[in-house]
Amino acid sequence: MDDALELPTAQAGSSPKDLPEDDQSSGDEDDGPDWTKLPTGAARPVIPKRGEKDFEPAPGGGSGLQLHILDRARAAMIAALQGSRNISSKSISYAVWYPDIARAHVTTARGIHFTAMGHSAARPLSVDDVQLKLHKRLELLPEEALYLVERGGMFCWKQTRAEISAMEDVEGAPMTVQQAFTEMIGKEDLTLEKYQVFAYLRRLGYVVTRAEPPTESYPIPPPFVARKAPRTVFQQLTCLLWCSVSKVSQLWGAAFDWWRPLRLHRWFHRGITHTAIFKSLRFVPSGHSITLRPSNPRPKTPPSPYKIFYNLYKPSTPFRKTAPPPPDFSIVVVDARTTAIPSLHELTSLFGVLPELPPPLPRKRAPPPQASVNPPKTTRDSTVLKTQAPLLQRLFPWLLPKPTAPSPQKPNPFVALKAGKKSVVIAAVDAGSISFFRFSQGAFEEWPML
Amino acid sequence: MSLINPSNRSKGPHKGFSKRTENNRIYAHPLPLVLFTPPDPSPLQRALGLVGISSTQVLNPHCEGVFDAATRSVWVDKHGGAMVLWQRGFFGKGDLSRSEPSWLARQINARKMAGKGLTSEEVTAKRRAERKQFKLDRARAMAAAAAEAEVAFAEGRVVSPGYAPDGTRIIPSAATWKPSLSTAAEQAPPTPDDAPEEGEEGDGEEEPLEDLEHLQLTLQEAFFLLWNLDCLTVLSPDTHEPLTLPQIWDTFQNAHHPPHLSALPPAPSPSPSPLPSIPPSPSPAPALRRFDNPFLVNYVVYHHYRSLGWVVKNGIKFCVDYLLYKRGPVFHHAEFAIVVCPVYEDPADQASSPFELQNATPFTWSWLSTINRVNSQVQKTLILTYITIPAHSRLSPDVLSSPACFAHYSVREVVLRRFIPTRMRD
């Protein structure tokens with residue numbers, strides 16, 4: 001057994017530096033920026049740690065030094081914010097916003113943004129009210145257009161009906177950023193919360209696409225097929241076990257005495273172990289495969305806000321706009337103030353449309369540091385053990401049970417339990433601050449401890 | 001008793017190792033039932049072994065406890081097998097201790113060993129005292145650094161308080177701070193207080209300590225032990241007669257009935273229900289048998305995780321219902337924190353319920369954040385355990401007259417973790 005791997009990481013008070021895999025604790029993303037470090041000054045001093053204040057206000061409203069430090073920080077922030085935002089006219093893109101169809105037609109595409117944003121749509125090209133052939137053009141969804149406008153990468157015009165004969169080359173009126181926000185939020189199911197999640201993830205380099213295609217021309221990843229065949233041997237074994245157990249219990253349904261659930265004489269033929277006792281106690285139905293009653297809850301008057309809205313691709317995932325791969329994560333966006341956490345029925349319907357993730361790979365051990373630290377004695381012991389086991393097996397293949405296929409390197413049950421089988425990310429947005437939670441389908445019944 | 005045994009207090013580098021082997025020995029059995037193969041089988045057993053019948057015997061400790069309605073628990077004293085239940089499966093909790101019933105050991109330690117052998121409570125107390133001292137030291141260092149910076153500012157120089165000129169922090173952190181000699185001296189005083197006392201009375205003349213502590217089992221733990229393993233007898237608090245299993249089934253459910261329920265006209269059974277807070281023995285059938293009785297709901301969850309081999313303990317200190325330990329609290333920290341979320345199959349049952357089950361409706365995001373923060377701070381993973389409560393409309397009420405009703409519940413888990421996009425980019 002990988003005892004070292006199974007050691008729980010639970011340890012109160014240990015410093016986060018010791019836990020590189022600790023993705024639960026909050027990191028620097030919660031910090032406000034230290035504005036005094038922004039302008040390129042002298043050699044950077046040590047960045048103060050989170051949670052430690054530089055000082056407490058002295059009684060009587062702060063001393064001269066404290067006021068000086070505060071003023072310096074404020075001045076730095078104002079100076080940083082005051083800087084005018086410039087963009088070269090050679091790197092800016094141009095688009096026309098069509099409010100009727102809630103799309104921005106990109107007339108000039110520049111920069112790398114369009115490798116991950118925008119899709120081509122066929123629109124009838126009408127000249128003098130006579131519909132001509134379909135014309136393919138690059139269009140942006142409202143959140144994509146708004147994101148580019150907000151970050152200063154695109155100049156957006158608004159389509160106007162009025163004929164402005166003086167400007168023939170431009171079809172519309174220029175939009176300000178504020179106007180873009182007003183016009184684009186609310187179109188095509190885009191709420192402010194959804195835009196904030198989109199913009200935050202885009203800025204981090206993720207590719208964010210809609211899970212539900214707004215039109216047919218919007219490329220979506222291939223629908224996942226329920227993989228029945230490539231199930232692991234372990235899963236098949238557990239399924240087999242469960243099926244047989246349920247069949248047997250159906251046959252013996254009358255014989256099962258609910259006042260005496262554990263009857264020890266049953267094992268006199270195979271010898272009693274604690275494992276067998278525990279196993280025989282597992283008669284409470286468990287797991288997500290059990291049908292949830294009522295299977296179709298009455299449709300609530302407001303439809304559930306828990307619908308997968310975005311597909312998320314890591315920056316490292318190779319992404320092709322025309323043929324998106326299966327997403328790395330699925331994102332639901334809700335307003336944290338007006339919505340409660342999802343109910344079991346809502347979670348079940350979310351999990352229902354998600355693919356089952358493969359069990360996590362056993363973590364690779366890092367042999368070089370261990371080998372250097374450990375005395376040679378332990379390594380010799382382990383090699384002896386390694387050579388002995390196959391030898392015994394070769395000599396007496398009937399004696400020793402063959403190593404079962406799923407456990408050449410059994411994954412750490414804790415890792416598998418924490419990862420779950422299916423997972424969905426829910427972004428709860430409270431007035432602009434986004435907290436992401438991952439809800440995973442747990443499978444404790446598949447990983448008994450004994 | 002393990003805690004006052006000086007043999008596991010050996011000094012030196014192998015201290016942790018010997019402690020672990022000692023724990024492995026003491027807590028070797030995951031259940032009170034001990035499986036035992038006689039080393040010298042009788043000829044009969046040998047013959048049975050030939051035909052495939054194993055000679056393994058089950059040693060049942062047959063513990064004994066008294067039901068206490070006011071605390072909804074079963075009290076097991078030393079003679080009733082308190083240590084057996086603790087050491088084999090970590091059932092129950094000492095009423096004067098944090099978990100293991102170690103009150104007597106603490107008293108003996110305080111008298112005889114003058115703080116050398118520490119119980120877990122004493123270790124915690126020592127750590128807290130050190131932590132307090134650390135905070136005092138840090139505050140002192142910070143005040144000194146601030147004063148120094150003020151002086152420098154008055155002289156016209158601006159220095160960041162708390163930093164040495166080379167940019168390193170001079171304020172002690174939890175990692176760098178060491179208990180100084182002065183604090184160790186502050187810890188010492190108990191010894192001189194005890195010493196003259198012992199000198200006057202002498203070791204032998206000391207009044208023998210009486211163990212005033214008992215182990216208290218929650219109703220879930222007690223029912224698991226007595227129903228599945230048949231290793232616990234529950235006595236009635238009034239007559240001290242053993243209760244039968246059907247009586248216990250009713251008593252444990254009655255223990256959760258809110259007081260106002262007795263005033264209601266009992267719907268299914270015509271017998272008037274007496275005061276539910278002190279159920280007499282034999283306990284009558286519950287005035288209202290319901291699938292959402294808190295005892296049943298919590299028992300299903302408790303049984304589910306126990307049957308999977310986890311050691312299940314109360315999790316109220318971490319905002320949750322249960323904590324799951326692998327093997328037990330003496331071996332590892334708890335890995336998972338369980339929030340029990342009951343889900344009614346029929347919303348009408350929820351509306352008519354006399355019990356206000358916690359978390360039966362989804363809670364707010366701020367509360368979810370709260371409990372997740374608390375638990376990720378202590379490196380535990382939060383699990384929402386959803387338990388479905390069968391609809392009364394689809395099942396006959398007779399189902400509830402026996403534990404057969406457990407077949408109609410279902411348990412499923414949802415694992416909850418924060419998703420931090422800045423760390424998931426790869």
Side-chain angles (χ1 to χ4, degrees), chain A residues 8-12 15 23-25 27 29 45-46 54-55 63-65 68 201 204-205 258-259 261-262 264 268-269 271-272 274 277-278 281-282 284-288 290 293-294 314-316 336 340-344 347 414 418 420 425 428 435-440 442 444 448-450, chain B residues 30-31 35 52-54 56 58 146 149-150 153 158 161 167 175 227-229 245 300 303-304 307-310 326 332-335 343 345 362-365 368-369 376 378-381 383 386 388 402-404 406 409-426:
Chain A
T9 51
Q11 197 144 41
S15 96
D23 59 348
Q24 281 271 75
S25 70
E29 95 275 19
V46 179
D54 277 348
F55 51 80
S63 65
L65 172 66
H68 171 80
L201 294 171
L204 288 172
W258 277 98
W259 289 110
L262 186 75
L264 291 172
F268 269 124
H269 300 282
I272 312 165
H274 278 121
I277 293 180
F278 277 115
L281 290 178
R282 286 173 208 147
V284 173
S286 59
H288 287 264
I290 298 168
R293 288 166 199 263
K314 292 180 182 181
S316 55
I341 68 162
S343 68
L344 178 60
L347 283 171
F414 285 173
K418 286 174 185 177
V425 175
S435 50
F436 292 92
F437 287 94
R438 180 148 56 165
F439 288 73
S440 312
F444 276 63
M449 284 293 109
L450 269 173
Chain B
L31 286 175
L35 308 175
I53 296 176
S54 122
T56 305
V58 176
E150 290 288 348
F153 183 68
V158 175
W227 178 51
N228 294 302
L229 309 177
L245 198 50
V300 171
H303 182 103
H304 172 63
S307 72
L308 288 167
W310 295 94
K326 185 190 175 175
H332 305 290
H333 287 277
E335 196 68 28
V343 177
E345 280 180 12
F363 35 74
T364 59
W365 282 102
L368 183 79
S369 255
S376 50
V378 287
Q379 315 291 330
K380 301 190 196 322
T381 303
I383 309 287
Y386 289 95
T388 60
S402 82
F406 290 142
Y409 294 84
S410 67
V411 182
R412 58 201 93 201
E413 293 99 7
V414 170
V415 185
L416 208 122
R417 307 205 84 191
R418 272 184 77 208
F419 175 82
I420 300 170
T422 46
R423 300 205 185 154
M424 300 301 292
R425 299 165 34 126
D426 279 8

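Please read all numbers here as calculations on a predicted model, not as lab measurements.
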(message) Using a 4.5 angstrom heavy-atom cutoff, name the option from Glu345(B), His304(B), Arg425(B) with the most pairs to chain A.
(response) Arg425(B)
(request) For residues His333(B) and Lys380(B), report the shortest heavy-atom separation together with the two atoms involved. (result) CB-NZ, 4.5 Å
(request) Would you give the length of the straight line joining atom CH2 of Trp227(B) to atom CG of Leu245(B), rounded to the nearest 0.5 angstrom? (result) 9.0 Å
(request) Quick one: closest heavy-atom pair of Ser402(B) and Trp259(A), and the distance? (result) CB-CZ2, 3.6 Å
(message) Out of Thr364(B), Leu229(B), Thr388(B), Val343(B), return the one with the most heavy atom pairs under 4.5 angstrom to chain A.
(response) Val343(B)
(message) Please classify the contact of Phe406(B) with chain A as side chain, backbone, both or neither, using a heavy-atom distance under 4.5 Å.
(response) both
(message) Among Phe363(B), Trp365(B), Phe153(B), which residue has the highest count of heavy-atom pairs closer than 4.5 Å to chain A?
(response) Trp365(B)
(request) Please name all residues satisfying side chain to side chain contact (heavy atoms under 4.5 Å, CB included) with Ser440(A), sequence neighbours left out, ordered by chain then number. (result) Ser423(A), Arg438(A), Val415(B)
(request) Measure Leu347(A) against the heavy atoms of chain B and call it side chain, backbone, both or neither at under 4.5 Å. (result) side chain
(request) Kindly assign one of parallel, tilted or perpendicular to the pair Trp310(B) and Phe444(A), based on the angle between their ring planes and the thresholds 30° and 60°. (result) tilted
(message) Is Leu204(A) close to chain B through its backbone or its side chain, or both, or neither, when contacts mean heavy atoms under 4.5 Å?
(response) both
(request) May I ask you to name which of Ser410(B), Pro421(B), Gly309(B) has the most heavy-atom pairs under 4.5 Å with chain A? (result) Pro421(B)
(message) If we define contacts as heavy-atom pairs under 4.5 Å, which of Leu281(A), Leu344(A), Ile341(A), Leu450(A) has the most with chain B?
(response) Ile341(A)
(message) Tell me whether the rings of Phe439(A) and Phe437(A) are parallel (<30°), tilted (30 to 60°) or perpendicular (>60°).
(response) perpendicular
